[in-house]
Amino acid sequence: MRRILVTSALPYANGSVHLGHLLEHIQTDIWVRFQRMRGHQCIYVCADDTHGTATMLLAEQEGVSEEELIKRLHAEHIADFNQFHISHDNYYSTHSEENQYYSNLIYTQLMDRGYIYTENVEQLFDPERKMFLADRNVRGECPRCGAPDQPGDNCDSCGATYDARELKNPVSALSNSTPILRNSEHYFVDLPKFTEFLKEYIHNGSQQPEIANKLNEWIEGGLRGWDISRDAPYFGFPIPDTVDKFFYVWMDAPIGYLASFKNWCTKNNVDFDDFWRRDSDCEVHHFIGKDIINFHCLFWPSVLHHSDFRTPLKVHVHGMLTMDGVAMSKSRGTFVLARTYLDFFDPDYLRYYLGARLTSNSSDIDFGSEDFVTRVNGDLVGKLVNIAARSEGFLAKNFDNKLSSELAEPALWQEFVDEAESIAAWYEEGDTRRVVRRVMELADRCNQYLANKAPWQLIKDADRRDEVQGICSMGINLYRTLIGFLKPIIPGLTERSEEFLNAGPLTWENLTQPLLSHRLGTFGRLLNRIDLKTFNKMIEAGAEKPLTDDAAEPESKSEDIQIDDFLKVDLRVARIVQADVVDGADKLLRLRLDVGDHERTVLSGIRSAYKPDELIGRSTVVVANLQPRKMKFGVSEGMVLAAGPGGSDIFLLAPDEGAEPGMRVT
RNA sequence: GGCUACGUAGCUCAGCUGGUUAGAGCAUAGCAUUCAUAAUGCUAGGGUCGUUGGUUCAAGUCCAACCGUAGCUACCA
């Protein structure tokens, strides 16, 4: 028997469970249920990720303490996951004694071994609220495209990433005051010291190949120290032997896996160290989304290894969920809460649909509304449940619900049973799409069999009644095998089927033993068909702004802009007075531009199309009010306009004769 | 630009370490059937496997370049 510990990433405690969370927890739960069905010990723990500025601010906004807030959401999360049959053994919280204990322990170990250093960091500070501002809590104009009201890490409008200090006219989202720059000492994990360790670690098979490639890219690019401290006020654990320093939420979040498990161990009398000591022969599996692989595949194993814990055996990374091709995000209002979903559909539909699409790789999964309806109706109702429904009627009417004493088609039965091991292998590697595909092929075989035998014809002939019993018993037995194969994916339907089959819970072992001379329970409708209208109603219901964290984001902009928007761009005629190759750069030219009242320097990536000499003296158009951009080779004070696909096909714009430097383009 | 993926029927995708006429589901058309939740079965149309080269007796499957898409990233201003 294998001993396996499994986790899903910790949902953050400032919002409700939504379809994105469910993708991950369903994927994990399918794997967990499969392992248990195979007879292994499989402990599945999770927790709420409670710390950080976001929780603190939300609590304040709602006028409650952080503890009250996270307690409420904790209860809500547990209820939601339960409804979807997510079988956590423990759903705990990072705001717990155990977590504080392990956070301190790990930190101290790292500190004692010289893996922690401090450095001064300059950050925006809200003078009114007397606190440093996280990137998300600063808003201002994008330094690149000038879009107003953008957060401090990247621009929603042009996608640029930048430092919060680069924002133009920054404003604190908390107090609307103007932030000032201030220094603070921060604690860093010396990640570069773990480079050699990580190089080996990522090739030990603990991640999917494409993830290992990605990690390798990051490692080769050079690791940087990881800032694990935040200044007070901060909702989190104080860092030992410091004043007003707290662990950054991402430091203690993964430690929450240990804490939740420890909490479970205490209650269930299991030795924590069996699973977490260096040479443990137990298994540890993490299921995460691809957005957090750096935390789980670089930081987390490094931190564990260098504080004497074992590293995870495997990190299973899944892609992101999109809805009808559009990224799910709060700001766009395209996401569906677990609770909203439950108002309209059975949780098994979602489990089945996602199961039918999940593979062992990390590609994104699109939730297609039509696809969803088609698969549920076609596969589950039309094919699978149909087998039971069409077989059961004859048995109930004519044979008192009793199955025949032997199999009518042993060969066909064997064909189904023989699939068990390959299906198990696909579950093991997380390729549930393949499981579902194969099971549906088998369901087709079964429907073909029933169509060929046509028991509704035979039943008219009194001499052939026994044949009918045999055929329908085959139908029921095959149905039982199929539902057994899908049990980890659709536990609700399985449970109702088990009740009808009246032979106890299905296990991987007993599903290959046919039921003979067995009396069935009463058959009720197992599953209902769904329609697209209901789906659309769900989307409408979900479109109402859910009660969550982030400040309301601006509506997504239409393609058309107003004249005012255009006028914000100060386009000027400029004459190139000087042009030089930039040493060390492949694509840049340094241009000195006469813009009428003064000259300025612009770095432009047009070297592949123009020689410096042929540019001097030419007139062109420049964006004059662009925020100066610090680049590797100097500061660029504007942008010259050019068109073309790139390479040698770049064409500089030029005004007609008569235009003088400094003239505004309107 | 770099990196990592991906590009197979209208749509969603299978095609494992290269090997007979490239498969499935949905959709479309026709037929059969009525036991079953307008469920099921059979049949048909539809693909120059992104493009161009190359390796090989043999390539959707390997290699290269290019085109396109996505994510990350940069000397993209």
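So you know, we letter chains A, B, ... as the sequences are listed, proteins then strands, and number each from 1. All values reported here derive from a predicted model rather than from experimental measurement.
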Any strand is fair game: report the nucleotide pairing with B/A5 by Watson-Crick or G-U wobble, both distances under 3.5 Å, or none. B/U69
A/Arg529 side chain N/O closer than 4.0 Å to the phosphate oxygens (OP1, OP2) of B/A39? yes
Assess the pair A/Tyr201 and A/Phe194: is the distance between their ring centroids shorter than 6.0 Å? no
Can you tell me how far C1' in B/A59 sits from the matching atom in B/G18, rounded to whole Å? 6 Å
Can you tell me the distance, in whole Å, between the CG atom of A/Asp371 and the C1' atom of B/A27? 12 Å
Between CD1 of A/Ile476 and P of B/C35 the distance, given in whole Å, is 17 Å
Counting heavy atoms from C-beta on, name the nucleotide in B/A77, B/C35, B/G41 closest to the side chain of A/Arg390. B/C35
How many Å lie between NZ on A/Lys460 and P on B/C35, as a whole number? 7 Å
With a cut-off of less than 4.0 Å, is there a side-chain N or O of A/Arg375 near OP1 or OP2 of B/C26? no
5′-ward residue of the pair A/Phe523/A/Asn452 relative to RNA chain B: A/Phe523
When rounded to whole Å, the CZ to P distance for the pair A/Phe394 and B/U40 reads 16 Å
Of the candidates B/A77, B/C13, B/G15, the side chain of A/Arg434 sits closest to B/G15
Whole-Å P distance, B/G7 and B/G15: 10 Å
Parallel, tilted or perpendicular for A/Trp250 and A/Phe295, by the 30°/60° rule? parallel
Watson-Crick/G-U partner (both atom distances under 3.5 Å) of B/C49: none
Is A/Ser391 touching bases, backbone alone, or none of the nucleic acid, heavy atoms closer than 4.0 Å? nothing
Just checking A/Phe367 against A/Tyr353, ring centres under 6.0 Å apart? yes
On RNA chain B, nearest-nucleotide positions of A/Trp456 versus A/Gly382: which is more 5'? A/Trp456
Smallest separation among heavy atoms of A/Asn502 and A/Leu520, with atom names: CB-C, 4.1 Å
Using purine N1 to pyrimidine N3 plus N6-O4 or O6-N4 for Watson-Crick, or N1-O2 and O6-N3 for G-U wobble, both under 3.5 Å, which nucleotide pairs with B/U21? none
Is A/Gln448 near enough to B/U40 that one of its side-chain N or O atoms lies under 4.0 angstrom from OP1 or OP2? no
When rounded to the nearest Å, what value does the distance between C1' atoms of B/A77 and B/U4 take? 26 Å
Please classify the nucleic acid contact of A/Asn447 as base, sugar-phosphate, or nothing, using heavy-atom distances under 4.0 Å. sugar-phosphate
In whole angstrom, what separates A/Ile387's CD1 from B/U37's P? 15 Å
Using Watson-Crick geometry (N1-N3 plus N6-O4 or O6-N4) or G-U wobble (N1-O2, O6-N3), each under 3.5 Å, B/C35 is paired with none
Assess the residue pair A/Thr359 and A/Asp431 against the criterion (side chain to side chain donor-acceptor pair (under 3.5 Å)); give the C-alpha distance rounded to whole Å, side-chain angles, the decisive distance to 0.1 Å, and a yes or no. CA-CA 4 Å; A/Thr359 63; A/Asp431 199 349; 5.4 Å; no
Does A/Gln457 place a side-chain N or O at less than 4.0 Å from the phosphate oxygens OP1/OP2 of B/U34? yes
Say we look at B/C35 and B/A22: how far apart would their C1' atoms be, to the nearest angstrom? 37 Å
Specify the separation, in whole Å, of atom CG of A/Asp431 and atom P of B/G15. 8 Å
Using the P atoms only, state how far B/C26 lies from B/G41, rounded to an integer number of Å. 8 Å
Report the distance from atom CG of A/Leu380 to atom P of B/C26, rounded to the nearest whole Å. 14 Å
Using the rule given for ring-ring contact (aromatic ring centres under 6.0 Å, His included), can you reason through A/Phe416 versus A/Phe485, listing the C-alpha separation, both sets of side-chain angles and the distance that settles it, and then say yes or no? CA-CA 10 Å; A/Phe416 277 49; A/Phe485 285 152; 7.9 Å; no
Go through the side-chain N and O atoms of A/Thr374 and A/Asp371 and say whether any donor and acceptor fall under 3.5 Å apart. no
Any strand, both distances under 3.5 Å, Watson-Crick or G-U wobble: B/U55 pairs with none
Candidate nucleotides B/U37, B/A77, B/C13, ranked by approach to the side chain of A/Val385 - the nearest: B/U37
Does B/U28 have a Watson-Crick or wobble partner in any strand here, with both distances under 3.5 angstrom, and which is it? B/A44
Report the base-pairing partner of B/A77 (Watson-Crick or G-U wobble, both distances below 3.5 angstrom), or none. none
Which whole number of Å gives the distance between the P atom of B/A29 and that of B/C67? 41 Å
Touch check for A/Leu526, heavy atoms < 4.0 angstrom, all strands: base, sugar-phosphate only, or nothing? base
Tell me: CG of A/Asp348 to P of B/U37, nearest whole Å? 20 Å
Stacked cation flag A/Arg465 on A/Phe399, 6.0 angstrom / 45 deg: yes
Residue A/Met639, side-chain atoms from C-beta onward, closest of B/U40, B/C26, B/A77: B/A77
From B/U12, B/U40, B/A77, nucleotide with atom closest to A/Arg357 side chain: B/U12
